[in-house]
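In what follows, a structure is listed as structure tokens, so that the remarks can point back to it.
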Amino acid sequence: MPSTEPSARPLAGRHALITGGGRGIGAAVADALARLGADLTLVGRDEARLEQTAAALRGSSPVAVATVAGDVNDEASMAAAFERAAAAKPVSILINNAGIAESAPFGRIDDGHWDRTIATNLTGTFRCMRLAFPAMAEAGWGRIVNIASTAGIKGYAYTVAYCASKHGVVGLTRALAIEAARTGVTVNAVCPGFTETDMAARAIANVAAKTGRGEEEARRELTRINPQGRLVQPGEVADTVAWLCLPSSSAITGQAIAVAGGEAM
Ligand code: NDP
């Protein structure tokens, strides 16, 4: 008799490309998708780190894990990365996770700060979507999940460029979701609050350095922003991303889902 249990590996046969998959939230997403059976291609600039993460995943999940060097600011390198990934198996899941965060008072944001942030977080996401979407639409199935931020749905002081880039990511998510609605491809954004990764550690060190308070106090200041009084864990963000990638999430599209302990609602 056929089983009526949901499959333990509902993404078996799917291939996910994750930008910035070597560490932090990207590595946690890679782990969550591998546990659901997806084959993976991890893309980033730090090849040693990508390979280290891939080796750990190969040891823990029976899926194929490839790594490809790519910089989201360099269109040619990303086109080559997608081509290599698709040659192994069509990419049916795209996780746009690569991102940078710099902070400065509004009056001290120079063109370099602005351009780097918009190029990496927004234009990089747009270009990867452009590279991945046509084949997904043609195949009639796809999942695009953009890691935006609570900074994509609310403002924070000293982060004008970052907030603008992440609001842009939410906007392009919503617009493509409508355009793609009848193609079988869903497009969503996940909006983490402060999450315990290298990026949050840098933010804490930065607040401590700029205010002259210790790192403990700076950490308390950041955790106070979250009503749950803590940093979000990368695995919590990853589980939300994985849920959006499930076949059963096909009616969820165009959403910006906060994973932030109630900080944004
Ligand atoms: P990390 O700094 O730990 O990781 C950033 C990742 O982005 C790395 O894997 C890095 O890979 C990749 N990356 C950065 N620039 C490029 C580039 N030009 N080309 C390719 N890859 C790049 O940060 P997190 O894991 O915390 O952040 C992941 C995402 O989550 C980001 O988009 C961030 O904005 C978002 N986010 C994070 C929050 C937090 O508090 N941590 C909160 C809300 C959102 P490599 O070095 O190999 O290139």
Side-chain angles (χ1 to χ4, degrees), residues 17-32 40-54 67-82 94-103 115-128 131 145-154 156 159 161-170 173 189-207 218-219 221-223 225-226 230-238 240-241 256-261 263-264:
L17 185 148
I18 304 170
T19 66
R23 61 192 159 99
I25 291 171
V29 170
D31 182 54
L40 304 172
T41 294
L42 311 181
V43 182
R45 296 160 305 174
D46 182 343
E47 291 184 70
R49 188 65 192 257
L50 289 174
E51 200 35 60
Q52 199 184 333
T53 301
T67 63
V68 186
D71 182 332
V72 297
N73 288 313
D74 174 357
E75 189 162 18
S77 82
M78 291 313 292
F82 273 83
L94 167 64
I95 313 297
N96 276 307
N97 164 77
I100 56 169
E102 293 180 37
S103 64
D115 291 345
R116 266 192 308 281
T117 307
I118 299 295
T120 306
N121 296 354
L122 180 54
T123 311
T125 296
F126 160 69
R127 285 192 182 135
C128 290
L131 284 163
V145 182
N146 297 324
I147 310 300
S149 168
T150 45
I153 47 180
K154 61 176 270 196
Y156 294 89
T159 56
Y162 185 73
C163 280
S165 72
K166 294 298 190 176
H167 273 69
V169 168
V170 170
T173 299
V190 169
C191 299
F194 281 107
T195 303
E196 190 131 38
T197 66
D198 295 349
M199 186 178 278
R202 283 191 299 273
I204 289 168
N206 198 26
V207 170
R219 189 183 169 90
E221 207 170 291
L222 290 195
T223 54
I225 295 172
N226 178 329
R230 64 185 182 90
L231 295 180
V232 175
Q233 294 304 305
E236 296 177 296
V237 180
T240 304
V241 174
I257 298 172
V259 182
E263 184 198 339

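None of these values were measured; they are calculated from a predicted model. All ligand and atom numbering here is 1-based and tracks the order in the structure.
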Any atoms of ligand 1 less than 4.0 Å from a non-hydrogen atom of [X]? List them with their elements.
X	answer
Asn73	18 (N)
Gly99	5 (C), 7 (O), 14 (C), 31 (C), 32 (O)
Tyr162	33 (C), 34 (O), 35 (C), 36 (N), 43 (C), 44 (C)
Ile147	29 (C), 30 (O), 32 (O), 35 (C)
Asp71	17 (C), 18 (N), 19 (N)
Asp198	3 (O)

Any donor-acceptor pair under 3.5 Å linking the side chain of [X] with the backbone of [Y]?
X	Y	result
Thr125	Asn96	no
Asp71	Asn73	yes
Asn97	Ile18	no
Thr41	Thr67	no

Would [X] count as being in polar contact with ligand 1, using the rule that some N or O on each side must be under 3.5 angstrom apart?
X	answer
Gly24	no
Thr150	no
Thr120	no
Val72	yes

Closest non-hydrogen protein atom to [atom], residue and atom name please, with distance?
atom	answer
atom 24 (P) of ligand 1	Thr197 OG1, 3.6 Å
atom 40 (O) of ligand 1	Thr195 N, 2.8 Å
atom 4 (O) of ligand 1	Arg23 NH1, 3.5 Å
atom 29 (C) of ligand 1	Asn97 O, 3.1 Å
atom 45 (P) of ligand 1	Arg45 N, 3.6 Å

Open item on the list: The test is side chain to side chain contact (heavy atoms under 4.5 Å, CB included); show your working for Val43 and Met78 and say whether it passes.
Closed with: CA-CA 9 Å; Val43 182; Met78 291 313 292; 3.9 Å; yes

Task: Working for side chain to side chain contact (heavy atoms under 4.5 Å, CB included), residues Arg127 and Val72 - done: CA-CA 8 Å; Arg127 285 192 182 135; Val72 297; over 6 Å; no

Open item on the list: Which residue in the set Thr159, Asn121, Thr117 passes side-chain hydrogen bond (donor to acceptor under 3.5 Å, both in side chains) when paired with Ser165?
Closed with: Asn121

- [ ] Output, in order, the C-alpha distance, side-chain angles, deciding distance and verdict of side chain to side chain contact (heavy atoms under 4.5 Å, CB included) for Tyr156 and Thr150.
- [x] CA-CA 9 Å; Tyr156 294 89; Thr150 45; 2.6 Å; yes

Task: Residue pair Phe82 / Leu17, side-chain heavy-atom distance below 4.5 Å - done: yes

- [ ] Please state which part of Lys166 comes within less than 4.0 Å of ligand 1, counting heavy atoms only: side chain, backbone, both or neither.
- [x] side chain

Task: Side chain, backbone, both or neither: Arg202 near ligand 1, heavy atoms under 4.0 Å - done: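 Side chain only.
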
Task: Option of least heavy-atom distance to atom 20 (C) of ligand 1 (set: Gly70, Ala260, Gly20) - done: Gly70

Open item on the list: If you take the nearest heavy atom of each of Pro192, Ala201, Ala148, Gly124, which one is closest to atom 35 (C) of ligand 1?
Closed with: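 Ranked by closest heavy atom to atom 35 (C) of ligand 1, first place is Ala148.
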
Task: Electrostatic pair Glu102-Arg202, nearest N-O below 4.0 angstrom - done: no

Task: Exercise: do Thr173 and Asn146 side chains pair donor with acceptor under 3.5 Å - done: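 Per modelled atom types, Thr173 and Asn146 side chains form a pair under 3.5 Å.
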
TODO: Begin from the C-alpha positions of Asn226 and Leu231 and carry the test side chain to side chain contact (heavy atoms under 4.5 Å, CB included) through to its verdict.
DONE: CA-CA 7 Å; Asn226 178 329; Leu231 295 180; over 6 Å; no

